[in-house]
There are 2 protein chains.
Amino acid sequence: MPTTTPRANPLFLSDAELRKAMELLFFAYRDFTAEPDSILARYDFGRAHHRVIYFVGADAGMSVSDLLAILKITKQSLSRVLGQLLREGFIEQQTDTQDRRRRLLFLTPKGQELETLLTDKQTSLIAKAYRDSGAEAVAGFATVLRGIISDVDQKRFVESE
Amino acid sequence: MPTTTPRANPLFLSDAELRKAMELLFFAYRDFTAEPDSILARYDFGRAHHRVIYFVGADAGMSVSDLLAILKITKQSLSRVLGQLLREGFIEQQTDTQDRRRRLLFLTPKGQELETLLTDKQTSLIAKAYRDSGAEAVAGFATVLRGIISDVDQKRFVESE
DNA sequence: AAAATACGTCAGCATTGTTGACATATATGC
DNA sequence: GCATATATGTCAACAATGCTGACGTATTTT
């Protein structure tokens with residue numbers, strides 16, 4: 001009686017089921033970023049610019065090192081895109097009055113406008129998927145994604161619950 | 001009576017809830033690819049090599065154009081990584097006997113070994129998240145991701161159900 | 001006063017995507 | 001059988017976005 005155990009995955013999780021999950025993530029992430037990517041191209045911006053605009057929009061007044069901790073890229077990499085966004089007037093900096101070494105980041109009205117344009121594309125895609133799936137599926141979606149996210153990054157979500 | 005409607009999202013989906021979904025996707029995808037990325041670095045390979053190895057592993061004997069259709073990159077981009085994988089003996093080609101223009105792709109034993117190494121890291125992460133979440137959550141996870149995936153790419157999944 | 005922190009910058013390099021131009025082998029349509 | 005379409009490959013240049021390493025300045029902490 002062959003008990004198909006191709007790889008080391010207990011608890012009824014077949015290899016095919018796990019591969020399907022991986023592919024779902026791959027295609028979903030790809031399609032999720034496709035629309036913003038094409039909008040950004042019109043500004044000569046890329047996905048890296050989008051991330052900066054998104055997170056600064058989500059947490060106005062964050063410092064450069066806060067942003068570095070979220071993005072997990074080097075300051076040299078960030079500097080390139082952040083510099084462009086500053087020079088082109090999408091983001092502005094303000095010295096923290098508490099600690100004058102820190103530069104707090106804010107979207108300008110122009111930056112806010114682009115943020116809204118980009119985020120609206122993505123939120124409407126998510127909203128459509130949510131509406132088509134129902135509340136229960138939405139809860140499951142979040143639960144599983146949280147399970148995939150490392151403990152370190154988990155912390156970013158616990159407070160917002 | 002202010003009925004908070006910050007953006008255009010009906011059906012009780014708050015802006016905060018939708019932004020959280022976007023962030024979950026961002027962090028999950030990042031953490032999901034982190035382990036393979038660090039393994040690949042040891043081979044002087046990148047994420048592009050991983051994708052090729054993964055999809056050829058999932059569908060042995062696929063043609064170059066099949067792969068191009070999945071990855072949605074140009075043949076010049078693919079050629080670079082595919083060429084490396086061929087030269088270094090991770091993948092081998094075989095002329096299709098039906099249509100001798102087509103080159104069918106297969107993993108070599110060496111390629112299969114790397115595929116297993118990489119995929120096992122990712123499947124165990126998914127498996128852990130699945131086990132911690134329960135069957136119902138897993139179903140919801142797949143439902144929502146499918147809702148995010150474009151109709152074009154959906155087709156890749158319908159047959160496997 | 002010395003050390004640590006926050007931020008910035010210059011320089012070079014790798015990966016992975018792009019466009020455009022061509023070339024070859026094979027299959028298909030008429 | 002010839003013209004055309006298809007599948008694949010290749011050369012060259014360029015752009016976005018990561019990286020490392022080396023410095024420099026301002027400010028805070030010890």
Side-chain angles (χ1 to χ4, degrees), chain A residues 26 29-30 33-34 36-56 61-88 91-106, chain B residues 26 29-30 33-34 36-56 61-88 91-106:
Chain A
F26 170 71
Y29 196 78
R30 217 245 311 264
T33 50
D37 284 356
S38 85
I39 293 170
L40 288 156
R42 299 204 294 264
Y43 291 77
D44 273 307
F45 287 160
R47 207 175 286 179
H49 300 83
H50 186 185
R51 290 182 188 133
V52 170
I53 286 176
Y54 175 84
F55 284 109
V56 171
M62 77 196 315
S63 72
V64 173
S65 33
D66 291 340
L67 189 51
L68 282 173
I70 289 176
L71 298 177
K72 281 188 192 153
I73 58 175
T74 59
K75 64 176 175 175
Q76 295 94 321
S77 295
L78 174 58
S79 156
R80 201 161 27 200
V81 297
L82 186 55
Q84 287 173 53
L85 292 168
L86 288 164
R87 280 193 301 278
E88 299 183 27
I91 282 188
E92 59 188 5
Q93 285 183 324
Q94 206 175 296
T95 299
D96 183 4
T97 50
Q98 309 300 303
D99 183 341
R100 294 174 41 74
R101 292 172 303 181
R102 293 159 55 92
R103 300 295 130 85
L104 308 184
L105 303 172
F106 299 88
Chain B
F26 171 70
Y29 195 76
R30 218 243 312 265
T33 51
D37 284 355
S38 86
I39 294 170
L40 288 156
R42 300 205 293 266
Y43 292 78
D44 272 311
F45 287 159
R47 204 173 290 177
H49 300 84
H50 186 186
R51 289 181 189 134
V52 170
I53 286 174
Y54 174 84
F55 283 110
V56 172
M62 77 195 313
S63 71
V64 173
S65 35
D66 290 340
L67 189 51
L68 282 172
I70 288 175
L71 299 176
K72 279 186 192 156
I73 58 176
T74 59
K75 63 174 176 176
Q76 294 94 323
S77 296
L78 174 58
S79 156
R80 204 163 23 204
V81 297
L82 186 54
Q84 288 174 54
L85 292 169
L86 288 164
R87 281 192 300 278
E88 299 184 27
I91 283 188
E92 58 187 4
Q93 286 183 324
Q94 207 175 295
T95 300
D96 183 3
T97 50
Q98 307 301 303
D99 183 341
R100 296 175 40 77
R101 293 170 303 180
R102 291 159 59 95
R103 300 296 130 87
L104 308 185
L105 304 172
F106 299 88

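All of these numbers come straight from a predicted model, not from anything done at the bench. Every chain is numbered from 1, with letters handed out A, B, ... down the list of sequences. Just the heavy atoms: all of them, side chains too, but no hydrogens, waters or symmetry mates, feed the values below.
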| message | Does B/R103 contact D/dG9 through a side-chain donor or acceptor facing the base, at a distance under 3.5 Å? | response | no
| Is A/Q93 touching bases, backbone alone, or none of the nucleic acid, heavy atoms closer than 4.0 Å? | sugar-phosphate
| Which of the following nucleotides, D/dA22, C/dT16, D/dT27, is nearest to the side chain of A/R101? | D/dT27
| field | B/S65 side-chain N/O to D/dT8 phosphate OP1/OP2 under 4.0 Å | value | yes
| note | Testing D/dA22, D/dT27, D/dG9 for proximity to the side chain of B/L82, the answer is D/dG9
| query | Reckon A/R100 has a side-chain N or O less than 4.0 Å from the OP1 or OP2 of D/dT27? | reply | yes
| query | So, is A/T74 near the phosphate of D/dC19, with a side-chain N or O under 4.0 Å from OP1 or OP2? | reply | yes
| request: Tell me which nucleotide among C/dA25, D/dT8, C/dG17 gets nearest to the side chain of B/S77. | output: C/dG17
| Between B/R47 and D/dT17, is there a side-chain N or O to OP1/OP2 distance below 4.0 Å? | no
| said: Within the 4.0 Å heavy-atom criterion, would you say B/Q98 contacts the bases, only the backbone, or no part of the nucleic acid? | reply: sugar-phosphate
| request: Quickly work out the A/K75 NZ to C/dT9 C1' distance and round it to whole Å. | output: 9 Å
| request: Considering just the side-chain nitrogens and oxygens of A/R30, establish if one lies under 4.0 Å of OP1 or OP2 belonging to C/dG17. | output: no
| said: Can you see if the side chain of B/H49 gets near the phosphate of C/dT15 - specifically, an N or O under 4.0 Å from OP1 or OP2? | reply: no
| Considering only D/dT8, D/dA22, D/dG18, which nucleotide approaches the side chain of A/Q76 most closely? | D/dA22
| What is the minimum heavy-atom distance between A/Q84 and A/D44, and which atoms define it? | OE1-O, 4.5 Å
| A/S79 side chain near C/dT9 phosphate (N/O to OP1/OP2, under 4.0 Å) | yes
| said: My understanding is that only one of B/L40, B/V81, B/L85 makes a side chain to side chain contact (heavy atoms under 4.5 Å, CB included) with B/I53; could you say which? | reply: B/L85
| Residues B/D96, B/R103: salt bridge by 4.0 Å N-O rule | no
| When the distance from CD1 of B/I73 to P of D/dA15 is rounded to whole Å, what number comes out? | 20 Å
